[in-house]
Asker: 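Sharing a structure below in structure tokens format, with a few things to ask.
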4 protein chains.
Amino acid sequence: MSMTDTAPARPDAESAKRRDIIDGARRVFFDKGFDGASMDEVARAAGVSKATIYVYFGSKEELFEALVQNDRARSAEHLFEVDPSIDNVEALLRRIGVSFMTMMVQPDHIKLIRMVIAVAEKFPRVGRTFFDAGPCHGGQRLAELLRRQADLGRLELDDDLAAAYMFFNMCQSNAVKGLLFGVGEQPSAAQIEEHVDRGVRAFLATYGARS
Amino acid sequence: MSMTDTAPARPDAESAKRRDIIDGARRVFFDKGFDGASMDEVARAAGVSKATIYVYFGSKEELFEALVQNDRARSAEHLFEVDPSIDNVEALLRRIGVSFMTMMVQPDHIKLIRMVIAVAEKFPRVGRTFFDAGPCHGGQRLAELLRRQADLGRLELDDDLAAAYMFFNMCQSNAVKGLLFGVGEQPSAAQIEEHVDRGVRAFLATYGARS
Amino acid sequence: MSMTDTAPARPDAESAKRRDIIDGARRVFFDKGFDGASMDEVARAAGVSKATIYVYFGSKEELFEALVQNDRARSAEHLFEVDPSIDNVEALLRRIGVSFMTMMVQPDHIKLIRMVIAVAEKFPRVGRTFFDAGPCHGGQRLAELLRRQADLGRLELDDDLAAAYMFFNMCQSNAVKGLLFGVGEQPSAAQIEEHVDRGVRAFLATYGARS
Amino acid sequence: MSMTDTAPARPDAESAKRRDIIDGARRVFFDKGFDGASMDEVARAAGVSKATIYVYFGSKEELFEALVQNDRARSAEHLFEVDPSIDNVEALLRRIGVSFMTMMVQPDHIKLIRMVIAVAEKFPRVGRTFFDAGPCHGGQRLAELLRRQADLGRLELDDDLAAAYMFFNMCQSNAVKGLLFGVGEQPSAAQIEEHVDRGVRAFLATYGARS
DNA sequence: AATGAATGAGTCTTCATTCAT
DNA sequence: CATGAATGAAGACTCATTCAT
């Protein structure tokens, strides 16, 4: 610890250049993966010099983490923009399930998950950032929705959050796992609907209000 | 002098040295991850020279693939060594569910999944090798068991395989996903039982024979 | 609009900002060494922008040189503020020797010497600046004092300056050299007195008036 | 601490290539200084690849330290190869003093000292290595010689080592210091002899046996 | 078959310096 | 006069891979 150390003062967290860099980083990281991407390429893709990147981000991981943080919201955002006119548990679940699965199987989403998992061991913060913003947050949002339905007497829940996770899991079949391992094709909308349909039926069989 | 001698063919696929190398590789890969492991370390851990590794394996990825192939069976093997005296769908599911989850949350298993996923994009064969031997094969085995129960009138299945995947998914809660992202601790036996219990109940509610 | 305004001449050599910069530079350079210090840190420590530094100083070395020049006097200044009542060669030498050695072994002084030496090859002017103001000037001052004593018949000198250097060297033992190489601790006052004592005795044995 | 860590096994400490590398390093380091020299240049000068250097030496400092260690002996070696026929304190001192000063003012020696001092703060081991092998060892060797003379009744010493350092210091005048700061020329043999002569006289005046 | 030795290409990161404002 | 922002160039170090033996 030296006495003359002061924080290096990162500029504007909202600057346009910052966004440029993240955009460039997205292109390169998604194309080559975290380890496969070089900061040189990122710089080129972002149209800035490598040194400039380090003005905005302290390291490759920090940049990647910012990217993850930045993209998390976008994905989960409209998962729960449910049409308020839907007054029907089944329709509601179906709607959410399809949104969820459609998002999950996007090639870019799969790649993001892959990268985060690959990096998670060495940089736990990245893993946590993604997990908190993704699965965790999504589970909580769904749990709230389910609770509301339960309060209306349409569902019988013991543990809201567990039920939420259960629903997401019920919809997945083997599709997501397969994509993560690079096996199988991105399922069609019809296939997704099939998976979700099965999930909804299982969920209602389990948690649907009896009588 | 045989005519095929000129080909620089790999030596004995079963040689002891080959196994030594894989053993060393396992130690290092599991410790440092695929990208974090250097061939130098592998060579040291295996007690052979780096050049020797390249006699047996064409590349780092090829070595890793061999490791995955070698270890695949071991994991899933005793998942289905069910006590034939169990004559009860619920007990059977509980037994399999606990075995499954216990295996899944082993730190080494998590690491393996992580590594495979990380490598899957650049080396699809590794992903497929793992997937076929793991989830895929496991699903089929469970599907067979479930079918037998259905034939005994204890379950009502439309799609055996889908039901099998459904069961595995139902047991996972958020535990495995969390570990993959480096969030949360390895669940205790009690917690696993809780997850599995919830899964079994959901499964029976969905697929249980209605009277 | 004066006619000389077009020249990009350095601003006020005495400006307060200039002093601020030198003060910041001192803190950083002494803390991290010349090569270890970055202009960023200097700027931060001085509370100005990096670009401003370049308004006042053409380069890192030039800034360092200004620092050396600025600090030179301060060190040697009170080396020769001898109490005029001291009417005794031995006491006089002892007094000066202790002052000299005490100054020499100050950690900051050692650091300064180190930095200057490190820079001297690539930037000879810095070396000369330091040398002239330090050893050289100190030698001349002492030489004058010695001459006065010689004129009083208390010393027998052939070469005043050589005698002056001789005295300083006689006092050093291995202490300063050790510190320069990072070996050994800063000597205590008692140890310094011992070194000086030995030096004074040697000097008087050599140059003392033989009755 | 990972479980698979093993020492990287540096090859032959005596290999010819190792010497090649040190030779290349010497050329570059002496030419550009420690910080000014790049490993690329060293590699080129040594006629090996950069990676090869790192097979033999763990880091730039380690290489530099090896260089210092390697060169230390050579310098001090023949300082004390005194003609056994010299049976005369004064002649002995004169002989050693001239050898000492001649070595000290060699441009390469000055450069080495400069580099070591410059580096000493960040890499104390280098400083210690040099100091132990140089000044320290030299002082001890001279102390032994002086003791022998004292035992013959030719000198009166209280502290052998202190006397040895004293002698070296007495010979230096301002010559070495000047060179270190890049001021003044390498002194001629005649000038050296003058410095040494003054030193010898001072030493004998101080420590000579008073009949 | 096995290896000791060597390497070319590439990694992330840092820094002194300069404009446009 | 002052600065925020940007950069070109360079640096230490690592690694998967390959020969000659």
Side-chain angles (χ1 to χ4, degrees), chain A residues 8-12 15-18 21 35-43 47-63, chain B residues 8-12 15 17-18 21 35-43 47-63, chain C residues 8 10-12 15 17 21 35-43 47-63, chain D residues 8-12 15-18 21 35-43 47-63:
Chain A
R10 207 88 83 238
D12 244 331
S15 99
K17 190 137 295 195
R18 199 188 131 97
I21 295 173
D35 276 294
S38 83
M39 292 299 263
D40 265 298
E41 285 172 303
V42 173
V48 301
S49 84
K50 225 190 324 182
T52 298
I53 297 181
Y54 281 91
V55 171
Y56 288 84
F57 305 93
S59 66
K60 196 183 182 185
E61 301 92 58
E62 211 169 291
L63 169 57
Chain B
R10 290 290 147 55
D12 242 330
S15 101
K17 192 140 293 200
R18 201 187 129 97
I21 295 173
D35 276 295
S38 81
M39 292 298 264
D40 264 295
E41 287 172 302
V42 172
V48 302
S49 86
K50 231 186 322 180
T52 299
I53 297 181
Y54 282 90
V55 171
Y56 288 85
F57 304 94
S59 68
K60 196 182 180 184
E61 283 90 348
E62 212 168 292
L63 169 58
Chain C
R10 290 289 148 55
D12 242 330
S15 100
K17 192 142 293 197
I21 295 173
D35 277 294
S38 78
M39 292 298 264
D40 263 296
E41 287 172 302
V42 172
V48 301
S49 85
K50 231 188 321 183
T52 299
I53 298 181
Y54 282 89
V55 172
Y56 288 85
F57 305 94
S59 67
K60 196 185 182 185
E61 284 90 351
E62 211 168 293
L63 168 57
Chain D
R10 207 89 81 236
D12 243 332
S15 98
K17 191 137 294 198
R18 198 187 132 97
I21 295 174
D35 277 293
S38 83
M39 291 300 264
D40 267 298
E41 285 172 302
V42 173
V48 302
S49 84
K50 218 188 335 180
T52 298
I53 297 182
Y54 281 90
V55 172
Y56 288 84
F57 304 94
S59 66
K60 195 183 182 185
E61 301 91 59
E62 212 169 290
L63 169 57

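A note on names: the letters A, B, ... follow the listed sequences, proteins ahead of strands, and every chain is numbered from 1.
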Asker: If you check the D/Y56 side chain, which of E/dA6, E/dA2, F/dT3 turns out closest?
Answerer: E/dA6
Asker: Both distances under 3.5 Å, Watson-Crick or G-U wobble: report the partner of E/dT13, or none.
Answerer: F/dA10
Asker: Below the 4.0 Å mark, does F/dA2 have OP1 or OP2 next to a side-chain nitrogen or oxygen of C/K17?
Answerer: yes
Asker: What is the minimum heavy-atom distance between B/K60 and B/A37, and which atoms define it?
Answerer: NZ-O, 2.7 Å
Asker: For the pair made of CG in A/L63 and P in E/dT11, what is the distance, rounded to whole Å?
Answerer: 15 Å
Asker: Indicate the atoms forming the closest heavy-atom contact of A/S59 with A/Y54, along with that distance.
Answerer: CA-CE2, 3.9 Å
Asker: On DNA chain E, check which nucleotide each of B/G47 and D/T52 is closest to and give me the residue with the more 5' one.
Answerer: B/G47
Asker: Output the rounded distance in Å from CD1 (A/I21) to C1' (F/dA6).
Answerer: 10 Å
Asker: Compare every heavy atom of B/I21 with every heavy atom of B/I53, then report the nearest pair and how far apart it is.
Answerer: CA-CD1, 4.0 Å
Asker: Rounded to whole angstroms, how far apart are CD1 on A/I53 and P on E/dC15?
Answerer: 17 Å
Asker: Shortest non-hydrogen contact from C/Y56 to C/K17?
Answerer: OH-CB, 3.6 Å
Asker: Heavy atoms only: give me the nearest C/G36-C/E41 pair and the separation to one decimal.
Answerer: O-OE1, 3.8 Å
Asker: C/S49: which residues meet the side-chain hydrogen bond (donor to acceptor under 3.5 Å, both in side chains) condition with it, sequence neighbours left out?
Answerer: C/T52
Asker: Please give the nucleotide sitting opposite F/dA20 as a Watson-Crick or G-U wobble pair, both distances under 3.5 Å, or none.
Answerer: E/dT3
Asker: Return the polar atom pairs (N/O with N/O) between nucleotides 16-20 of chain E and the protein under 3.5 Å, or none.
Answerer:
unit_1 : atom_1 : unit_2 : atom_2 : d
E/dA16 : OP1    : C/A37  : O      : 3.2
E/dA16 : OP1    : C/K60  : NZ     : 2.7
E/dA16 : OP2    : C/M39  : N      : 2.8
E/dT17 : OP2    : C/Y54  : OH     : 2.6
E/dT17 : OP2    : C/K60  : N      : 3.2
E/dT17 : O5'    : C/Y54  : OH     : 3.4
E/dT17 : O4     : C/K50  : NZ     : 2.5

